[in-house]
Amino acid sequence: MPLSKPWRKLLFPALMDVSRRSFLVRGGATLAGAALVGPLLPGCAPAAASLAHIQGQLLGPNAAAGHLLRDPGKIPAPTRTVDTDVLIVGGGVAGLSARRWLHRHGLTDTLLVELDGQAGGNASAGHNPTSAYPWGAHYLPVPDVRNRELLDFLQETGSLTGYAPSGLPIYSDYHLCAAPDERLSISGHWQDGLVPAVGLSAEEQAQTARFFQLIERLKTAVGRDGRDAFRIPLDASSADETYRRLDRISFADYLSQEGYSAAPLRWYLDYACRDDYGAPAAQVSAWAGLHYFACRKGRAHNATGGDVLTWPEGNHFLAGHLRRQAPTPLQTNTLAYDLRETAAGVEVLTYDTAARQSTRVRARRVLLATPAHVARRLLAAVPGHALPPAAAFHHAPWLVANLTVSGLPQGPGRPLSWDNVRYGSASLGYINANQQDISQDTGGPRVVTLYWPLTDEAPDLARRHAYQTSYAQWLPRVVAELETYHPGVTPYLQRADLWVWGHGMVAPTPGLLWGPGRAAAQQPVRGRIFFAHTDFSGISIFEEAFYQGIRAAREMLGAA
Amino acid sequence: MAELLDEPALGAPVTDAGAPAADARLPGLLLVAVAVIATCGLIYELIAGTLASYLLGDSVTQFSTIIGAYLFAMGIGSWLSKFLDGPLLKWFIRLEILVGIVGGCMAPLLFLLFEYVTSFRLLLYALVGLTGVLVGLEIPLLMRILEHRFPFKDLVARVFTFDYVGALLASLIFPLVLVPHLGLIRTSLLFGALNLVVASVVLARFAETRPYRRRFAGGIGAALAGLGALFYFANDLLAHTETLAFQDQVIYSKSTPYQRIVLTRNPRELRLFLNGNLQFSSLDEYRYHEALVHPLMQALPSARRVLVLGGGDGLAVRELLKYKQLTSIRLVDLDPGMTQLFRHSPLLLALNKGALNDPKVQVISADAYQWVRADTARYDAVIVDFPDPSNYSIGKLYSAAFYTALTKRLAPGGRLVVQSTSPYLARQSFWCVAHTLQAAGLHVVPYHLYVPSFGEWGYVLAGPDAQWRGDAGPLPAGLRYVTAGTIHDMLRFPPDMAEVPTEVNQLNNQALVRYFEEDWGPYVH
Ligand SMILES: Cc1cc2nc3c(=O)[nH]c(=O)nc-3n(C[C@H](O)[C@H](O)[C@H](O)COP(=O)(O)OP(=O)(O)OC[C@H]3O[C@@H](n4cnc5c(N)ncnc54)[C@H](O)[C@@H]3O)c2cc1C
């Protein structure tokens, strides 16, 4: 049944359009109510009333249990004892990766304890009848082919389906992000891609082009030690001062020095830093700012380095595979709250927040796969580690909102994409959790995931405020933000589930990556206490978490 | 005013002292009228705003300009009210009749005229302005009617209370009850009728209306009957607006959750439109469907099982049924509305020869991509007859990943054919489909023909090997276009349609949708 003569559409544009027709029946009306009660009944507040139809709740990592760490006196004394060779504390990607690696290499007597109800950490996910959706990490760029461990893992998950005769990996069509992937709303128009391209002056265009030429050069740049200037994992990057000195200034200062002043370019780069690091360009190092772009060296038979792998449930897909690839015991809802060294190794007290019982875990060795500030608190009574104080790390809090919508009133320009961002917006925009659906879009409900790093205040203050904000207070903010993307969307919102990350992800502040502190901090303590977490990379991405786990596992296997 | 004094329902005149005792005898009837007309007034505004954003898009702009225009017109109405003199009650009744007719007809009129009026906005604002002026007259007029009945502060308080109560009522029932259950057209008509009811109640209750009561009652009755008739025929009205848009007579129209199906007829032909796009004309569809089915099927004389994807009109199945050796034909179409129509409408049954009701045919309503991935059966032939790849959603059904999934459903020696848009008007798109099938590991045979109502049209036949031949087997008797000779001709591509290099259409690049936009762009814009 060919669709012939599309020009016919011009004859009757609106009446024939299914989505618009259904708008007549569904959304338009409530919209009318919301928009009009105000002007006609001055003094009444329509905004508050018009959110009543939205259901949802405020969720988050088990912050209450996490805060028990500061107050272990409230936890009941242990009633049983468990022995294990290796105890892994923290079931985020780093912890799961270590567990898998240890199991693969014959170290099967391990126990992993995870504070939350599900393993995954920042790669957690949820689902409702409409869709699965991520609560945090949601994509993995097509990897560098030299990252063998990662490629092997992806092959085990089915995301990498094989290799072409050229030797390049072939990725599953269903896991490569479906087109269209990105759009930016700028001057009331949705353009293709996130780099501002609409309405730029000649000078702004020239600067943008110059920046991306620089990135192309840096992608292939090699230091005097023969190593890539920028690489994932970042520990494989060159130690050449030419590049490393970029870690000592802020990305914003670097850009100004190099004459990148164009506002649209600067907005975009700031956006990129907030997106990957939860901090603006002024607060991350130039090395990190450039690394974000220059490390993207992925190659594939059926994709480019610019492509990403994604799943409705985000990186929870990967975390789930990591978890299932080792059968060793894994206890969720379990907080490690005390750690002591003994003659035989370590003794860790854990608290089962569901059963409200504590256990004494006697292990020969422990792997702390928790954020650095948690590790430091656990090691309060243990000397000999080089963990920096919590203040050394910049962790912005994040708000993530999964919004079930029965429609998204469209502005002019490109259609709904995977990543949808508005120029100048306070949040980072939203991704379409249903992007990988293969079925026809029949205008049914979908879930979009809004990402919002709370970077207006210093992290500590922002965190305190975020924890104090109730669902009823968040909701209007989230709705107002989505309204800036899709005016009139409020009546289409069915559910808004919100999640607050107190410590979203580490920001690579100047000096963090290549100062002496980071290398020292991840050093094992007396062959008994090991560390793995993206905090120790200074950059929080899946690849680093995956690598951290393997690095720590190798240290353990080597030390055994 | 004097004529009102002998109306007991209005209560006694206020004493000079302005005794609050008057409260007890408030003319409740007129206050109820205030609430009703306030509700109607707001409903008209909501209708205009909703309609404008529906028909013109950009809801925020439309809404706010409509509100502005409407409120401003109400202001003009209020100002004009001072020029109305003489028997005010008579004016009020006249006004209600007018508001009822104008407001009641607003939605049907706007819908009907949208397609014909060059400057639709002008009409829209004229109508909004007129309604606004009339509605703006109502409250001042009523206040003047009541003016000597109550102390001023009471009058203002009561009238505006009822006014705002009516507004609140309207703003709540409009989205929650009216639009979901009645739709815009019927809501508009219903509230027009309410204004007329107010007019008739006032007419009946007040003695001084006697002199003109009969005349006005006749007018109101006629107007009510008119609105009632429109209310009854609202759906046909909508269909009629399409009739004119489609040039020909619309003999069937239906909105399914997936698309708007419209069937038109003129003395020569029957045409099917999906979302306004022509799918076939009964005059030459045989060319399209013979070319879709026979080059593939003649080469598979031992085929038994066939899968058809899309093609809910049953016309490809009609061609398939000419091969008596087939034992099973499965048709998977997204929209049960389509297959239902082509299974039951006598006119269409004449066209597809009842193909979908044949015992060999199994009709499945499902999303083809999901269905193919879940299916485990194997087919000797697969016929892919999807709409053109005009958006990302349909583009997935032309992807290498989809063809890979489909190839797994082919029995040994099985082949498939894909309708592949126009190689002349959409040359890159056509060759992109061919290259994508190749990328899925298939050998392809592209071909094309001329279908008068579409233009030059193309298909790509594909299979696991290069064994296909255009003169392999016997063709069914009675074909009007396809012969061994025309198959041979269809394989030749003149230079203006010859192969061009393209990317492969993958889910992660949707190259085909981009080509399709580029190719058809010049014809659409
Ligand atoms: C909103 C958001 C979006 C992101 N998006 C992406 C993305 O798209 N792509 C990407 O690559 N990365 C993304 N990231 C980065 C993400 O942090 C990393 O990819 C990775 O998941 C980090 O894993 P991890 O193991 O280092 O840390 P975590 O995920 O922090 O894991 C630490 C684990 O330790 C547990 N834990 C802490 N204390 C204790 C205790 N005392 N006892 C027991 N368990 C404890 C925690 O509950 C947690 O599960 C995102 C992060 C956030 C916050």
Side-chain angles (χ1 to χ4, degrees), chain A residues 1-18 20-26 28-37 39-41 44 46 171-174 176-181 302-303 307 409-412 415-416 436 438-444 487-488 491, chain B residues 42 45-46 49-50 53-55 59-60 63 67 71 115 164 167-168 171-172 174-175 179-180 183-184 241-242 245 255 257-260 274-279 310-311 313 334 367 369-370 385 387-388 390 392-394 396 399-401 419 421 453-454 457 506-510 520 523-524:
Chain A
M1 292 188 297
L3 166 161
S4 137
K5 306 199 177 147
W7 58 82
R8 280 191 160 268
K9 253 201 168 134
L10 286 185
L11 294 176
F12 23 83
L15 278 175
M16 294 300 108
D17 186 324
V18 181
R20 285 220 172 176
R21 180 170 286 277
S22 55
F23 167 82
L24 187 66
V25 187
R26 283 192 266 137
T30 342
L31 172 95
L36 288 178
V37 178
L40 287 183
L41 297 175
C44 125
Y171 289 98
S172 162
D173 284 301
Y174 303 109
L176 283 170
C177 178
D181 57 352
N302 58 343
D307 281 311
Q410 277 305 309
L416 178 68
Q436 302 303 95
I438 50 167
S439 47
Q440 293 297 292
D441 178 6
T442 52
Chain B
L42 189 68
E45 178 178 354
L46 291 169
T50 312
S53 36
Y54 165 54
L55 293 173
S59 45
V60 173
F63 257 115
I67 292 165
L71 290 180
E115 295 150 12
Y164 286 130
L168 176 65
S171 63
L172 293 178
F174 182 77
V179 176
L184 283 182
T241 65
E242 284 168 353
S255 283
Y258 308 103
Q259 54 203 348
R260 177 101 181 138
L274 294 183
N275 295 338
N277 298 300
L278 178 63
Q279 301 301 304
D313 51 27
L334 182 61
D367 186 275
Y369 205 138
Q370 287 192 321
D385 192 13
D388 278 5
S390 59
Y392 289 100
S393 193
I394 302 177
K396 296 175 187 177
S399 64
Q419 91 78 9
T421 190
S453 56
F454 294 159
W457 213 260
Q506 296 179 170
L507 290 175
N508 67 322
N509 66 16
Q510 292 260 16
W520 284 102
Y523 301 94
V524 182

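Predicted, not measured: the structure shown is a model, and the values here were computed from it. Heavy-atom basis, side chains included; hydrogens, waters and symmetry copies ignored. So that the names make sense, note that chain A is the first sequence line, chain B the second, and so on, each numbered from 1.
Considering all non-hydrogen atoms of both residues, N302(A) and Q506(B) come closest at O-NE2, 3.1 Å. Nearest heavy atoms, S439(A) versus K396(B): O-NZ, 4.4 Å.
Contact annotation for D367(B): only side-chain heavy atoms (C-beta onward) come within less than 4.5 Å of a heavy atom of chain A. For chain A, the nearby part of Y392(B) is the side chain; its heavy atoms alone come within less than 4.5 Å. In this structure, no portion of P412(A) lies under 4.5 Å from any heavy atom of chain B. Both the backbone and the side chain of D441(A) come within less than 4.5 Å of a heavy atom of chain B.
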(Q) Between L334(B) and T442(A), is the side-chain contact (heavy atoms from CB on, under 4.5 Å) condition met? List the steps. (A) CA-CA 10 Å; L334(B) 182 61; T442(A) 52; 4.2 Å; yes

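Comparing A303(A), S172(A), A178(A), A179(A) by how many heavy-atom pairs each has under 4.5 Å with chain B, the most go to A179(A).
Here the straight-line distance linking atom CD1 of I438(A) with atom OG of S393(B) works out to 11.0 Å at 0.5 Å rounding. One distance of note links CG of D173(A) with CG of L507(B); it measures 5.5 Å at 0.5 Å rounding.
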